[in-house]
Amino acid sequence: SRYNAPMNHDRIDEILEQWKQESPQLDVSAIAVTGRVLRIARLLEKHRESVLAEYGLNVWSFDMLATLRRQRAPYQLKPTDLYELLMLSSGAMTNRIDRLEQDGVVVRIRDPEDRRSVSVQLTSKGIELMDTVMLVLFEREKQFLEQFTKTETQTLTKLLRQFLLVFDTNIR
């Protein structure tokens, strides 16, 4: 049966309550934060996947194209820079570049001075696609934050940054 949460209670509250009943000696208080962060991340990713699917993209292809789009014109990076930024293996990166190249949204460009050196560059089709998708995706994601005041959003941002920095400095 689906969990029917009373107002102001969510799935994590139920999980905390279950742990309290099952193992009262266990301190599960961290789940109040970590459980919610993980659940929000999963739900946001599902939402993002459904929006991106409308444009023939998925999360990894969007991440790669957005990483290229954030660079200055001509919107290109070396594959090694791309896989470091996206935390992927070089094999996975090669396959993904191949797929995006087949779709006509990126192209590999050989360095005229060093034929072994390659850059991955957004095509005009890739730039146009990203400019369209980003407008729609970011607008839809912004709607999730409309329930908060500007101050609440700033506080949430500050706390999440603080939380993320713990991981960025301690876990790699």
Side-chain angles (χ1 to χ4, degrees), residues 1-73 75-77 81-89 92-93 96 100 105-106 120 122 126-172:
S1 75
R2 294 285 306 160
Y3 171 62
N4 293 319
M7 289 305 281
N8 300 326
H9 277 68
D10 61 21
R11 182 81 178 97
I12 303 305
D13 290 318
E14 182 193 10
I15 290 168
L16 288 167
E17 189 55 40
Q18 288 171 334
W19 277 120
K20 195 168 123 187
Q21 299 300 317
E22 187 59 32
S23 299
Q25 77 289 358
L26 202 58
D27 181 1
V28 294
S29 59
I31 293 173
V33 173
T34 59
R36 285 184 175 93
V37 168
L38 287 167
R39 186 152 169 78
I40 290 166
R42 280 195 291 268
L43 293 170
L44 279 173
E45 194 161 52
K46 271 177 123 168
H47 174 265
R48 186 169 267 206
E49 282 169 358
S50 71
V51 173
L52 295 174
E54 296 172 30
Y55 297 92
L57 295 171
N58 54 38
V59 172
W60 72 257
S61 59
F62 174 79
D63 284 347
M64 188 179 297
L65 296 173
T67 300
L68 289 168
R69 185 64 183 90
R70 286 194 310 268
Q71 309 309 307
R72 289 203 172 125
Y75 313 112
Q76 65 181 32
L77 284 170
D81 295 330
L82 256 178
Y83 68 72
E84 281 172 16
L85 285 168
L86 296 168
M87 296 180 284
L88 289 169
S89 70
M93 181 58 64
R96 290 175 180 192
L100 294 173
V105 291
V106 302
V120 179
L122 277 180
I127 293 167
E128 200 176 304
L129 174 66
M130 286 311 294
D131 288 353
T132 302
V133 171
M134 289 182 307
L135 208 62
V136 172
L137 180 66
F138 297 159
E139 185 54 42
R140 291 195 194 163
E141 290 181 350
K142 200 172 104 182
Q143 290 171 359
F144 293 127
L145 299 175
E146 287 174 357
Q147 63 181 306
F148 301 118
T149 65
K150 188 175 179 187
T151 304
E152 287 172 331
T153 301
Q154 289 168 339
T155 301
L156 181 60
T157 300
K158 182 181 172 204
L159 292 171
L160 288 171
R161 180 183 302 111
Q162 205 175 315
F163 193 43
L164 180 59
L165 285 171
V166 170
F167 296 95
D168 278 347
T169 53
N170 297 316
I171 300 172
R172 278 280 168 186

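- When every heavy atom of V28 is checked against every heavy atom of L16, the shortest pair comes out as O-CD2, 3.3 Å.
- L85 contributes atom CG, which lies 7.5 Å from atom CZ of R70 (distance to the nearest 0.5 angstrom).
- Applying the side chain to side chain donor-acceptor pair (under 3.5 Å) rule to S29 yields the partners D27; only residues at least two apart in sequence or on another chain are considered.
- By the side chain to side chain donor-acceptor pair (under 3.5 Å) test, R48 is found to be paired with E141, residues two or more places apart in sequence or in another chain being considered.
- Separation of atoms CE (M134) and CG (L65) is listed at 10.0 Å; rounding is to 0.5 Å.
- Minimum interatomic distance between L145 and T153 (heavy atoms only, all atoms of both residues): O-OG1, 4.2 Å.
- With sequence neighbours left out, the side chain to side chain contact (heavy atoms under 4.5 Å, CB included) criterion links S89 to A92.
- Partners of Y83 under the side chain to side chain donor-acceptor pair (under 3.5 Å) rule, at least two apart in sequence or in another chain, do not exist in this structure.
- Residues satisfying the side chain to side chain contact (heavy atoms under 4.5 Å, CB included) test with L159, not counting sequence neighbours, are T155, Q162.
- Here salt bridge (charged side-chain N to carboxylate O under 4.0 Å, His left out) pairs that include residues 53-63, with residues two or more places apart or in two chains, are E54-R140.
- Atom CG of L52 is separated from atom CD of E45 by 10.0 Å, given to the nearest 0.5 angstrom.
- In this structure, CE in M130 is found 8.5 Å from CG in L137, a value given to the nearest 0.5 Å.
- The side chain to side chain contact (heavy atoms under 4.5 Å, CB included) search around L156 returns F148, L160, not counting sequence neighbours.
- No side-chain heavy atom of Y75 sits less than 4.5 Å from a side-chain heavy atom of V106.
- For residues 16-47, the pairs satisfying ring-ring contact (aromatic ring centres under 6.0 Å, His included) are H47-F144, with sequence neighbours left out.
- In the displayed structure, E128 atom CD is contacted under 6.0 Å by at most 12 heavy atoms of other residues, nucleotides or ligands.
- Distance CZ/R39 to CD1/I31: 13.5 Å, rounded to 0.5 Å.
- E146 places no side-chain N or O within donor-acceptor distance of the main-chain N or O of K142, the cut-off being under 3.5 Å.
- In this structure the side chain of R69 reaches within 4.5 angstrom of the side chain of I127, judged on heavy atoms.
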W60 vs L88, side chain to side chain contact (heavy atoms under 4.5 Å, CB included): CA-CA, chis, key distance, verdict: CA-CA 10 Å; W60 72 257; L88 289 169; over 6 Å; no
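- Formation of a donor-acceptor pair under 3.5 Å by the D13 side chain with backbone atoms of D10 is found in this model.
- Residues meeting the side chain to side chain contact (heavy atoms under 4.5 Å, CB included) test with E17, sequence neighbours left out: K20, Q21.
- Not counting sequence neighbours, E139 has no partner by the side chain to side chain donor-acceptor pair (under 3.5 Å) test.
- Put simply, CD1 on I12 and OG1 on T34 are 8.0 Å apart, with the number rounded to the nearest 0.5 Å.
- Here the side chains of V105 and L57 are not in contact, with every heavy-atom distance at 4.5 Å or above.
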